[in-house]
*Asks:* 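Please see the structure below; I have some questions.
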Amino acid sequence: MLQRSNIVSSEEELQDFYAQLQAQHVTPAWISGGVSVEPRSTAVPAVWHWCDLRPQAMRAAELVGTEQAERRVLRLHNPGLPGASASNTLVANIQIVMPGEVARAHRHSPSALRLIIEGQGGYTVVNGDRIPMEPGDLVLTPKWTWHDHANDTNAPMIWLDGLDTPLVRMLEAGFYEQYEEETQPVGAGTDPSSAKYGVGGLRPAWETAPAARYSPLWHYPLSQARAALERLAAETTGSPFDGVILEYTNPLTGGPTMPTIACYIQMLRPGEHTQAHRHVCCTNYHVIEGSGYSLVGGQQLAWEDKDVFTVPTWTFHEHVNTGNRPAFLFSFTDAPVMKALDLYREEATE
């Protein structure tokens, strides 16, 4: 009859054996920690308030120029993580460009998004296309695309940066390159990607569809997203977990904006309290407008206009709009990675 073996060794023999293994850079699996029955993120629920962030961004603009800093960025640091990132695989940063400034052109392996928080114009150039930047707009600078930023207005431009830098760094797949000039030449046309791909279901028939896996549409205006949410809210209750929620998609595939990052915008009606659920992906949120709180792993994170908060992977969370107006939340997650690896899972409370 086959059965598990039972070998009782002396503690002295075991410790001597373990010491030999350690000298050879080997660790026995049976003493290196228990089996994890479910994900337990080292990241913790956290919120960063705009009333604290904006003064620091303005102070950074007084102390450091865009010549001294490749990007004048404040990294939001999750208290539970050793590195300077909001979540395990995705960073959430605040970037500021002052009137008359440029942030020079470069490209890199990490994919990036910009959710505009404050400003009266300004623009990003992506592979030669000038992309306008208005508050609430989502602007993509996908992996290995040349991009630079400029502020030709008379007010500060401030936005939320989202990148998959921690994931790319962990995979040891990061590359970076500076453009030969400070800025790229700008091609003809205003917002060319929107002209080509900004009307749902339509694209130029005389051009071959782009082969890149990221979205060829690099500008998603808030005006369009908000109108779509309001139309849907008049027709449906939406998700019990997220209210009325829409995903920003690649117009050619219907998939996520970028292979590693999915982006969403949701509307919570006044007084709405969603049900709790959790999923195998981390999520960083930006409050476009509204006030309320989210219960994340039993912790209450109060938020209002322009705040940022994070929900670690496999952590129960629910949202509450405590205001008398709709709340609009933008979020981005690493769900595409989890789904591509067949690791994604979602669960509601019983």
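None of the values given here were measured: they were computed from a predicted structure.
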*Asks:* Heavy-atom count around K143 NZ within 6.0 Å, excluding the residue itself: above 12?
*Replies:* no
*Asks:* Can you give me every donor-acceptor pair (side chain of residues 327-339, partner residue at least two apart or in another chain, under 3.5 Å) with its distance?
*Replies:*
residue: T333; atom: OG1; partner: A335; partner atom: N; Å: 3.0
residue: D334; atom: OD1; partner: C282; partner atom: N; Å: 3.0
residue: D334; atom: OD2; partner: T89; partner atom: OG1; Å: 2.7

*Asks:* If I compare all heavy atoms of T165 with all of P110, which pair ends up nearest, and what's the gap?
*Replies:* OG1-CB, 3.8 Å
*Asks:* Is a donor on one side and an acceptor on the other found under 3.5 Å between the side chain of T236 and the backbone of A233?
*Replies:* no
*Asks:* Not counting sequence neighbours, list each pair that qualifies as a ring-ring contact (aromatic ring centres under 6.0 Å, His included) and has a residue in residues 256-276.
*Replies:* none
*Asks:* For R325, does the CZ atom sit with more than 12 other heavy atoms under 6.0 Å from it, leaving out its own atoms?
*Replies:* yes
*Asks:* More than 12 heavy atoms of other residues, nucleotides or ligands under 6.0 Å from CD of E182: is that the case?
*Replies:* no
*Asks:* What's the verdict on side-chain hydrogen bond (donor to acceptor under 3.5 Å, both in side chains) for Y197 and S215, showing C-alpha distance, side-chain angles and the deciding distance?
*Replies:* CA-CA 9 Å; Y197 304 105; S215 173; over 6 Å; no
*Asks:* Are V139 and I96 co-members of a hydrophobic cluster defined by side-chain heavy atoms under 4.5 Å apart?
*Replies:* yes
*Asks:* According to the salt bridge (Lys or Arg N to Asp or Glu O under 4.0 Å) rule, which pairs have a member within residues 200-225, sequence neighbours left out?
*Replies:* K196-E207
*Asks:* Which pairs with one or both residues in residues 42-61 pass side chain to side chain donor-acceptor pair (under 3.5 Å), sequence neighbours excluded?
*Replies:* H49-D307, R54-E118, R59-E62
*Asks:* Treating T257 as the side-chain partner and I261 as the backbone partner, does any N or O pair qualify as donor plus acceptor under 3.5 Å?
*Replies:* yes
*Asks:* Applying the 4.5 Å side-chain criterion to the ILVMFWY set and letting contacts propagate, would L90 and V168 be lumped into a single cluster?
*Replies:* no
*Asks:* Check step by step if side-chain hydrogen bond (donor to acceptor under 3.5 Å, both in side chains) holds for H149 and T124.
*Replies:* CA-CA 4 Å; H149 312 293; T124 286; 2.7 Å; yes
*Asks:* Quick check: do L81 and S85 have side-chain heavy atoms less than 4.5 Å from each other?
*Replies:* yes
*Asks:* Do any N or O atoms from the side chain of N78 and from the backbone of S87 form a donor-acceptor pair under 3.5 angstrom?
*Replies:* no
*Asks:* Distance check, rounded to the nearest 0.5 Å: L295 atom CG versus E318 atom CD?
*Replies:* 4.5 Å
*Asks:* Any donor and acceptor pair, going by atom type alone, linking the side chain of D137 with main-chain N or O of L222 inside 3.5 Å?
*Replies:* yes
*Asks:* Show me the side-chain donor-acceptor pairs of residues 240-251 shorter than 3.5 Å, one per line, residues at least two apart or across chains.
*Replies:*
residue: N250; atom: OD1; partner: L252; partner atom: N; Å: 2.8
residue: N250; atom: ND2; partner: Y214; partner atom: O; Å: 3.4

*Asks:* Under the side-chain hydrogen bond (donor to acceptor under 3.5 Å, both in side chains) test, which residues partner E177, sequence neighbours left out?
*Replies:* R107
*Asks:* P39 versus T315: any side-chain heavy-atom pair under 4.5 Å?
*Replies:* no
*Asks:* List for me each residue that meets salt bridge (charged side-chain N to carboxylate O under 4.0 Å, His left out) alongside E347, sequence neighbours excluded, and say none if there are none.
*Replies:* R278
*Asks:* Give the minimum heavy-atom separation between Q184 and G128, together with the two atoms involved.
*Replies:* OE1-N, 2.9 Å
*Asks:* Kindly compute the distance separating NE2 (H317) from OG1 (T274), expressed to the nearest 0.5 Å.
*Replies:* 7.5 Å
*Asks:* I'd like to know if the side chain of S291 pairs up with that of D305 as donor and acceptor (distance under 3.5 Å, no hydrogens or angles considered).
*Replies:* no
*Asks:* Kindly say whether W146 contributes a backbone atom to a donor-acceptor pair with the side chain of N127 at under 3.5 angstrom?
*Replies:* yes
*Asks:* Would you be so kind as to tabulate the donor-acceptor pairs closer than 3.5 Å made by side chains of residues 153-163, with sequence neighbours excluded?
*Replies:*
residue: T153; atom: OG1; partner: N151; partner atom: OD1; Å: 2.7
residue: T153; atom: OG1; partner: A155; partner atom: N; Å: 3.3
residue: T153; atom: OG1; partner: A155; partner atom: O; Å: 3.1
residue: W159; atom: NE1; partner: D161; partner atom: OD1; Å: 2.9
residue: D161; atom: OD1; partner: Q95; partner atom: NE2; Å: 3.4
residue: D161; atom: OD1; partner: R114; partner atom: NH1; Å: 2.6
residue: D161; atom: OD2; partner: Q95; partner atom: NE2; Å: 2.6

*Asks:* Within the 4.5 Å heavy-atom criterion, are P221 and E134 side-chain neighbours or not?
*Replies:* no
*Asks:* Would you indicate whether the side-chain heavy atoms of E304 and E289 approach each other to under 4.5 Å?
*Replies:* no
*Asks:* Closer than 4.0 angstrom, basic N to acidic O: yes or no for R72 and E101?
*Replies:* yes
*Asks:* How far does CZ of F316 sit from OG1 of T349, to the nearest 0.5 angstrom?
*Replies:* 6.0 Å
*Asks:* Under the side chain to side chain donor-acceptor pair (under 3.5 Å) definition, can you give me all pairs with a residue in residues 19-28, not counting sequence neighbours?
*Replies:* D16-Q20
*Asks:* Going by side-chain hydrogen bond (donor to acceptor under 3.5 Å, both in side chains), name the residues that satisfy it together with N321, two or more places apart in sequence or in a different chain.
*Replies:* none
*Asks:* Say whether V308 and V287 are linked into one hydrophobic cluster, either directly or through other cluster members, by side-chain heavy-atom distances under 4.5 angstrom.
*Replies:* no
*Asks:* Would you give the length of the straight line joining atom SG of C263 to atom CG of L138, rounded to the nearest 0.5 angstrom?
*Replies:* 5.0 Å
*Asks:* Is R345 paired with E38 through a side-chain N to carboxylate O contact shorter than 4.0 Å?
*Replies:* no
*Asks:* Flag yes if more than 12 heavy atoms outside E346 fall under 6.0 Å of its CD atom; otherwise flag no.
*Replies:* yes
*Asks:* Are L167 and N88 packed together at the side-chain level, in the sense that at least one heavy-atom pair is separated by less than 4.5 angstrom?
*Replies:* no
*Asks:* Measure the spacing between OG1 of T310 and CG of N284 and express it to the nearest 0.5 Å.
*Replies:* 4.0 Å
*Asks:* If the condition is salt bridge (charged side-chain N to carboxylate O under 4.0 Å, His left out), which residues does R169 pass it with, not counting sequence neighbours?
*Replies:* none
*Asks:* Heavy-atom distance under 4.5 Å between the side chains of M98 and M58, does that happen here?
*Replies:* yes
*Asks:* Step by step, would you call W303 with S294 a side-chain hydrogen bond (donor to acceptor under 3.5 Å, both in side chains)?
*Replies:* CA-CA 8 Å; W303 43 257; S294 296; 2.9 Å; yes
*Asks:* Looking at R231 and E235, does any basic side-chain N land under 4.0 Å from a carboxylate oxygen?
*Replies:* no
*Asks:* Find out whether L140 and M258 are in side-chain contact, i.e. whether some heavy atom of one side chain is under 4.5 Å from a heavy atom of the other.
*Replies:* yes
*Asks:* Just verifying a value: how many Å separate L301 CG and F309 CZ, rounded to the nearest 0.5 Å?
*Replies:* 7.0 Å
*Asks:* Do Y285 and V311 have side chains that approach each other closer than 4.5 Å (heavy atoms only, starting at C-beta)?
*Replies:* yes
*Asks:* Name all pairs fulfilling the ring-ring contact (aromatic ring centres under 6.0 Å, His included) condition that reach into residues 83-107, sequence neighbours left out, sorted by first residue then second.
*Replies:* H106-H108, H106-H147, H106-Y176
